[in-house]
Amino acid sequence: MNNLIVAPMLTGKGGTETVLKGVLQRFKNDKDINMQLLLLGKPGDTQWLKELEVEQVHIIKSKNNIIRTIMLFIFLTLHPKVDNLIAISTNIIHVASIYRKFTRRKFSIYSWIHFSLFNTTTVNVKYLPEADYHLAISSGIKNQLREIGIKPERINIIYNPIPIFKGKIEYNNQSDYKLLYIGRIEYNHQKNIESLLKALVLVKYDWKLDVVGDGEDLNKCKKLAKKLKLDDKITWYGWQTNPWQVVPNTNALVLPSNFEGLPMVLLESLSRGIPCISSNCPTGPEDIIRDKENGRLAQVDNELDLADKINWMIENREKFNQDHLKSSIKLFYENEYYTRLKKALIM
């Protein structure tokens, strides 16, 4: 079965790229599933593509949307054996649907959206019913799909894959509690660093924060930290190719997002035996974090509640067993994930 994943322009540094690379590598020698990727735009960073087979990846480099659409039509015409087109964006679903109607080609269209459907301008929900099937990366996204009228039998929850990490990251054993944030630096948009910094003012115990990531709001966030007199407690590492190798030890990962799809950083943390504190945002964290078992869930954009959850984590820092944390995400480890994905595509 020939599957073509079609993705919009990507930064090259996000969780979606990590998942795409894993999927392509996993199925490159599979006798039942042939998987190829078509990128509608050259990624900002192409390092993640260098580990993939050349014949698996195709890139339309134009920055013009009309030209990209025409090139997608041409690509599909030159590749008549596509059985499933897996669209990473709703606009791609719409374009593929138009092409299919115009040419009367018989291939299935799958949606594979990596964001909450209702919290971002990049998702146009009116195009989702044009897909035949839907790959939901979280139970929250499945619920959102049902809200817009998609029949449940058309939806498969597959989540996202995480490799089994064979080691563990050492806990910080100092008196101060070491928090870690990994991701884009956004003031109060999706990642909501503003809320995290304001919550830290309310934490009643000693703490330190390591921030690994970059973004256009970096200086704005640094200024807020200085204004709140927190700058001597925060280390800003900038963007790192291997973020988990930068920070030698920690106690908990923190994610204050307003919305997500399925935040891979939570899975990466738990796979290393590190508990998580996350906003209970739509969608994803509720599938990963079992409250008080492998972390805490806080109300979205609520500094007082986030501070309370951090205080609880510090007070219960001896509660967490690293082997238990690693096993708490068994559902997301690669073997189980790829079995679900393969089953969803061979229908």
Side-chain angles (χ1 to χ4, degrees), residues 169-188 190-213 221-222 224-237 243-244 246-260 263-282 284-322 324-325 328-329:
I169 289 184
E170 294 297 323
Y171 284 151
N172 170 53
N173 293 317
Q174 303 302 313
S175 59
D176 53 346
Y177 192 79
K178 183 75 76 69
L179 294 163
L180 172 64
Y181 171 84
I182 298 176
R184 289 193 310 280
I185 309 302
E186 295 178 325
Y187 189 76
N188 56 12
Q190 179 185 352
K191 299 300 183 180
N192 203 4
I193 301 299
E194 177 193 24
S195 180
L196 172 59
L197 295 176
K198 290 181 176 179
L200 289 171
V201 175
L202 305 174
V203 174
K204 59 185 180 182
Y205 301 101
D206 291 334
W207 58 269
K208 286 186 179 177
L209 172 66
D210 291 326
V211 179
V212 183
C221 291
K222 285 183 175 181
L224 177 61
K226 188 172 183 179
K227 180 180 178 181
L228 297 174
K229 299 181 180 179
L230 303 177
D231 48 321
D232 62 333
K233 299 167 73 69
I234 302 175
T235 302
W236 306 83
Y237 286 89
W244 291 102
V246 173
V247 183
N249 50 51
T250 192
N251 293 109
L253 180 124
V254 60
L255 184 71
S257 299
N258 287 324
F259 61 91
E260 289 284 348
M264 293 299 291
V265 71
L266 297 181
L267 295 172
E268 291 171 0
S269 180
L270 288 165
S271 74
R272 289 163 170 79
I274 301 299
C276 299
I277 310 158
S278 174
S279 62
N280 192 13
C281 64
E286 65 179 351
D287 289 319
I288 300 169
I289 296 180
R290 301 172 188 171
D291 204 38
K292 295 186 179 181
E293 291 187 27
N294 60 5
R296 295 304 311 266
L297 290 168
Q299 296 173 20
V300 177
D301 200 28
N302 185 326
E303 290 89 12
L304 180 60
D305 191 50
L306 180 55
D308 284 345
K309 296 304 189 292
I310 294 172
N311 284 328
W312 186 93
M313 291 289 289
I314 296 173
E315 291 165 355
N316 293 273
R317 62 193 294 177
E318 303 298 329
K319 173 183 175 68
F320 296 99
N321 175 275
Q322 287 192 292
H324 174 73
L325 293 171
S328 71
I329 56 168

Nearest 0.5 Å, please: how far is CG in Leu267 from CZ in Arg272? 10.5 Å

Hits for side-chain hydrogen bond (donor to acceptor under 3.5 Å, both in side chains) against Arg184, two or more places apart or cross-chain, chain-then-number order -> Glu186, Gln190

Taking side-chain contact (heavy atoms from CB on, under 4.5 Å) as the test, write out the residues that go with Asn258, two or more places apart. Asn192, Val300, Asp301

Gap between atom CG of Leu179 and atom CD1 of Ile310 - 0.5 Å precision: 5.5 Å

Locate the shortest heavy-atom distance separating Ser269 from Pro275; write the atom from each residue and the value. OG-O, 3.9 Å

Considering residues at least two apart in sequence or located in another chain, which fulfil the side-chain contact (heavy atoms from CB on, under 4.5 Å) criterion with Ser271? Ile162, Phe165, Ile329, Tyr333

Quick one: does Thr250's side chain get under 4.5 Å of Asp210's, heavy atoms only? no

As an exercise, state the distance from CD of Glu268 to CG of Leu266, rounded to the nearest 0.5 Å. 9.0 Å

Can you tell if the side chain of Leu180 reaches within under 4.5 Å of the side chain of Trp244, non-hydrogen atoms only? yes

Please report the shortest heavy-atom distance between Arg317 and Asn251, naming the atom on each side. NH2-ND2, 3.5 Å

Report yes or no: does Ser328 contribute a side-chain atom to a donor-acceptor pair with the main-chain N or O of Leu325 at less than 3.5 Å? yes

Rounded to the nearest 0.5 Å, what separation is found between the CG atom of Asn172 and the OH atom of Tyr177? 9.5 Å

How about Ile288 and Leu270: do any of their side-chain heavy atoms sit closer than 4.5 Å? yes

Under 6.0 Å from the CD atom of Glu170, do we count more than 12 heavy atoms belonging to anything else shown? no

All heavy atoms of Leu297 vs all of Asp291, minimum pair found to be N-OD1, 2.9 Å

Check this for me, if you would: do Glu260 and Lys191 make a salt bridge, where the nitrogen-to-carboxylate-oxygen distance has to be below 4.0 angstrom? yes

Where do Glu286 and Asn280 land on the side chain to side chain contact (heavy atoms under 4.5 Å, CB included) test, with the steps shown first? CA-CA 6 Å; Glu286 65 179 351; Asn280 192 13; 3.8 Å; yes

Residues Pro263 and Leu255: closest non-hydrogen pair is CB-CD2, 3.6 Å

Going by the rule ring-ring contact (aromatic ring centres under 6.0 Å, His included), which residues pair with Phe259 if we only count those two or more places apart in sequence or in a different chain? His189

Between the side chain of Asn316 and the main-chain N/O of Lys319, is any donor-acceptor distance below 3.5 Å? no

Would a 4.5 Å heavy-atom cut-off, applied to side chains only, mark Lys178 and Leu209 as touching? no

Please tabulate, for the side chains in residues 196-208, all donor-acceptor contacts under 3.5 angstrom to protein atoms that are two or more places apart in sequence or on a different chain.
unit_1, atom_1, unit_2, atom_2, d
Lys198, NZ, Glu194, OE2, 2.9
Tyr205, OH, Glu315, OE2, 2.6
Trp207, NE1, Leu200, O, 3.4

Who pairs with Asp305 by salt bridge (charged side-chain N to carboxylate O under 4.0 Å, His left out), at least two apart in sequence or on another chain? Lys309

Test side chain to side chain contact (heavy atoms under 4.5 Å, CB included) applied to Ile277 and Trp312, step by step: CA-CA 10 Å; Ile277 310 158; Trp312 186 93; over 6 Å; no

side-chain contact (heavy atoms from CB on, under 4.5 Å) partner of Ser279, the single match among Pro256, Ser195, Ser257: Ser257

Nearest heavy-atom pair of Ala225 and Trp236: which atoms, and what distance? CB-CZ2, 4.2 Å

